[in-house]
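See below for the structure under consideration.
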Amino acid sequence: MNVDMGRIDLTMTEVEGTYLVTTSIQTTRPAFGSTDLLGSWCDDDAKKAGDKEIESRVVPYHWDDRERLYRDYLYLQQLHEEILDELRDQLNDCHGVKRSKRYWRIILGPWLNWALPVLLDRWISIDEYRTNNGPLKTIVLTDAASNNPPNDMEEFMSLVDDPYWNHCLYAELIGRRPEIEILVGPWPDLDPVAPGVTINEVAPTCYQRLWGRLEKMAARVASRDKIVVFATYLSRREEMLLCFRLGQLPMTRRTMPVPEVDWQPEVRDWVLAGPSFSPFEEWIRGWIPKHLPRAYLEGYSEVIRCTKMMNWPTNPDLIWTSVALNSDEVFKMWAAECVEMGTSLVIGQHGGFYGLVKWSSAEEHEMLISDQYLSWGWTDGNDERVSPVGVLRPKAWLELDDREPCNALMVLGAGPRQAYRMQAIPVAGQWSDYFDNQCRFIEALPEEVRACLVVRPDRSFPGRNGRDQIVERTPEVIIDDGSENIREQFRKTKLHIATYHGSSILEALAMNIPTVLWLDPSLFEFRDSAIAARNQLRDVGIYHDNIESAADHISKIWHDVEGWWDLDPVQSARNKFLERYARQPTDLLTEIEMVLRDSIVRNTR
């Protein structure tokens, strides 16, 4: 990192000029002077430092231009392919192997899908930052050069939203702007970075210990299975029944935790050798070797050793998973090794926005690595690998026969404070706009509806999920803390109000719960193939693209929600939408079995 950390001591700060604040770290805020906050993630309501008033503004955010965001998504998809080619060659050389691009895509793809947008976002923020108010200054903490590589994908995902990790990244980029004067501040003592939600560990029950022993015994017998079913979104009972239908011992499996390995700077003394067509591309080709997760470099052989210790099949005909290919490093490497030897890889849909949103790097990645894709109902006219089997949820989960509807349930989305993986949802400060819209929507509802309203924020993002804004502006509404399964909330729901692209929309419609969906079209873009289905919902009052329309419709139907919901045109539009995006076949397991067997046949041709 080209930052001269000793240029100016913090005690020598002056009032003249503008200070650039890049994160929410309070010690990087000046005591005096004009302050530019790089984004809303810097806590744009913090206009005081100590007891001194300071003038501040929030710098305009580049991806508030959603057309630019989409163009940058397309650009990063192309850059992703170039970087992956270069990493394939480099890592094959480092590890003495000759693995294919698909092999490395399975392992590295999720990390690149996060890292590249993060790097481009932070680069643009610093590169395009300008001010007309005097000389530029910023406060950089003393250890900002010591950003060591994460151990694995899970740790990287935690770091991306950590202000200290981002401060280090911004400090490196500011070092490329010699006109910005750097002042040095002390690095604080920090606790380890933790995920947004932690669940207290509970000692296993006798049943769980017994089940664990049975799993280990069954694994020895099943080590030669030709079909591996793992983390599919089905219930354990359904997974075991499917195994039985496929002629295998019904069992569940577990992977191993990724080993923690030491950082070895000497094995990172290289740069990616591809041609760079911009300063950004040149910079990331040097940054990636220094920050690639250790599991892919120093720990590669250890993770491979773990895949062999699991006693899983080494050359199955087929692997099917829905949720294990993002951050489960041991599973990813095991699957990549199997695919390299000819195993067919089947991936199941695991979210409500697949097939609906205009862009999604996660969906793109899963399509690229799979031989067959199991969707909840949608198809792709250009890709016959997509099989619309139906909602991959336990059948019993979608059945609600004992409902006692009494309230309106409003489900909120949320996201990290800064940009990460590319998809057609709010990004960075746009979540603040989204929460403001939800408050305005609640305020537009009739008083009798607000009196029965339960708002369910996303507990994955405590402090950044809209709860505080809603409590402050509409204190009369009930806040659901998310500790109860949403299915239990659906039992009490008279009207479900969906406000973002998510699974709750499809699940509520599948349960036949009266639903109003309102989405801001400037933050939630639909793909062209989904617009006709969306418009059918709009024609019967299910879908709305503005606050006034949604609030007015709810006001009209509130006294007879079921009467509106049971109307033939409403049920017809609901059923057509479900057939396209959340099918409920009579026998889901039979449909899945047929697709899996067909995928094996195709793969052997």
Side-chain angles (χ1 to χ4, degrees), residues 99-107 109 218-255 307-308 310-325 328 330-350 354 363 365-392 583 585-605:
R99 299 292 187 256
S100 67
K101 183 176 181 178
R102 186 186 183 193
Y103 174 94
W104 289 112
R105 188 190 300 278
I106 292 171
I107 295 170
R220 298 189 184 97
V221 178
S223 62
R224 295 184 180 181
D225 279 353
K226 290 302 180 182
I227 298 177
V228 175
V229 175
F230 178 71
T232 65
Y233 250 32
L234 298 178
S235 68
R236 175 181 290 180
R237 176 182 176 277
E238 287 168 329
E239 283 189 358
M240 296 179 70
L241 181 58
L242 181 61
C243 288
F244 180 79
R245 289 187 176 197
L246 294 169
Q248 301 188 158
L249 178 68
M251 65 167 296
T252 57
R253 302 178 189 271
R254 298 186 188 186
T255 58
T307 67
K308 298 175 181 178
M310 293 193 302
N311 206 27
W312 284 28
T314 56
N315 189 23
D317 292 333
L318 180 143
I319 299 168
W320 172 35
T321 186
S322 296
V323 295
L325 284 166
D328 189 331
V330 176
F331 180 85
K332 285 194 297 183
M333 287 200 189
W334 170 80
E337 291 284 332
C338 292
V339 168
E340 197 75 353
M341 293 186 289
T343 298
S344 179
L345 180 60
V346 178
I347 299 178
Q349 179 179 336
H350 56 91
Y354 284 74
E363 180 183 326
H365 167 71
E366 291 169 15
M367 291 297 298
L368 284 171
I369 65 174
S370 64
D371 293 291
Q372 199 78 25
Y373 193 86
L374 308 184
S375 83
W376 287 10
W378 55 275
T379 57
D380 186 333
N382 299 317
D383 196 334
E384 63 179 11
R385 293 175 302 160
V386 180
S387 298
V389 295
V391 179
L392 299 176
R583 289 185 63 234
T586 304
D587 191 343
L588 176 63
L589 291 187
T590 295
E591 296 214 11
I592 294 173
E593 179 188 355
M594 291 173 61
V595 172
L596 297 185
R597 292 189 182 279
D598 183 60
S599 183
I600 293 174
V601 172
R602 288 187 183 188
N603 203 44
T604 57
R605 289 175 183 171

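All residue numbers refer to positions in the sequence shown, counting from 1.
Side-chain contact between Leu234 and Leu588 is present, with at least one heavy-atom pair separated by less than 4.5 Å. With contacts defined as side-chain heavy-atom distances shorter than 4.5 Å, the pair Glu337/Tyr103 qualifies. Side-chain contact between Leu246 and Asp225 is absent, with no heavy-atom pair separated by less than 4.5 Å. In this structure the side chain of Val346 never reaches within 4.5 angstrom of the side chain of Asp371, judged on heavy atoms. Put simply, the side chain of Phe331 reaches to within 4.5 Å of the side chain of Ile319, judged on heavy atoms. The closest side-chain heavy-atom distance from Leu318 to Arg597 is not below 4.5 Å.
Partner of Gln349 under the side-chain hydrogen bond (donor to acceptor under 3.5 Å, both in side chains) criterion, chosen from Tyr233, Tyr373, Trp378: Trp378. No option in Leu345, Leu242, Val228 other than Leu242 meets the side-chain contact (heavy atoms from CB on, under 4.5 Å) test with Trp320.
At a threshold of 4.0 Å, the pair Asp598-Arg602 counts as salt-bridged, since one of the basic side-chain nitrogens sits closer than that to a carboxylate oxygen.
Taking CH2 of Trp334 as the start and OG1 of Thr343 as the end, the distance is 7.0 Å to the nearest 0.5 Å. For the atom pair CG of Asp317 and CD1 of Ile600, the computed distance is 5.0 Å after rounding to the nearest 0.5 Å. Summarising the geometry, atom CD1 belonging to Ile106 is positioned 7.5 Å from atom OG belonging to Ser100; distances are rounded to the nearest 0.5 Å. In this structure, OG1 on Thr232 lies 13.0 Å from CD1 on Ile347, to the nearest 0.5 angstrom. With values rounded to the nearest 0.5 angstrom, Leu392 atom CG is found 11.5 Å from Ser235 atom OG. From Leu374, atom CG reaches atom CD of Glu591 across 10.5 Å, with rounding to the nearest 0.5 Å.
Residues Leu368 and Arg105 approach most closely at CD1-NH1, 3.5 Å, considering heavy atoms. Pro388 and Gly377 make their closest contact through CB-O, 3.2 Å (heavy atoms, listed as atom of the first residue, atom of the second, distance). Closest heavy-atom contact between Pro585 and Gly390: CD-CA, 4.1 Å. Among all heavy-atom pairs drawn from Met341 and Thr314, the shortest one is CE-O, 2.7 Å. Heavy-atom minimum distance, Pro313 versus Arg253: CD-NH1, 3.7 Å. What you find for Val323 and His350 is that their closest heavy atoms are CG1-CB, 3.6 Å.
At most 12 heavy atoms of other shown residues, nucleotides or ligands fall within 6.0 angstrom of atom NZ in Lys308.
No side-chain donor-acceptor contact under 3.5 Å links Gln372 and Ser344. If you check the side chains of Arg245 and Thr590, you find a donor sitting under 3.5 Å from an acceptor.
Checked by atom type and distance alone, the side chain of Arg99 never pairs as donor or acceptor with a backbone atom of Trp104 at under 3.5 Å. At distances below 3.5 Å, at least one donor-acceptor pair connects side-chain atoms of Arg102 with backbone N or O atoms of Ile369. Between the side chain of Lys332 and the backbone N or O of Ile107, at least one donor-acceptor pair lies under 3.5 Å.
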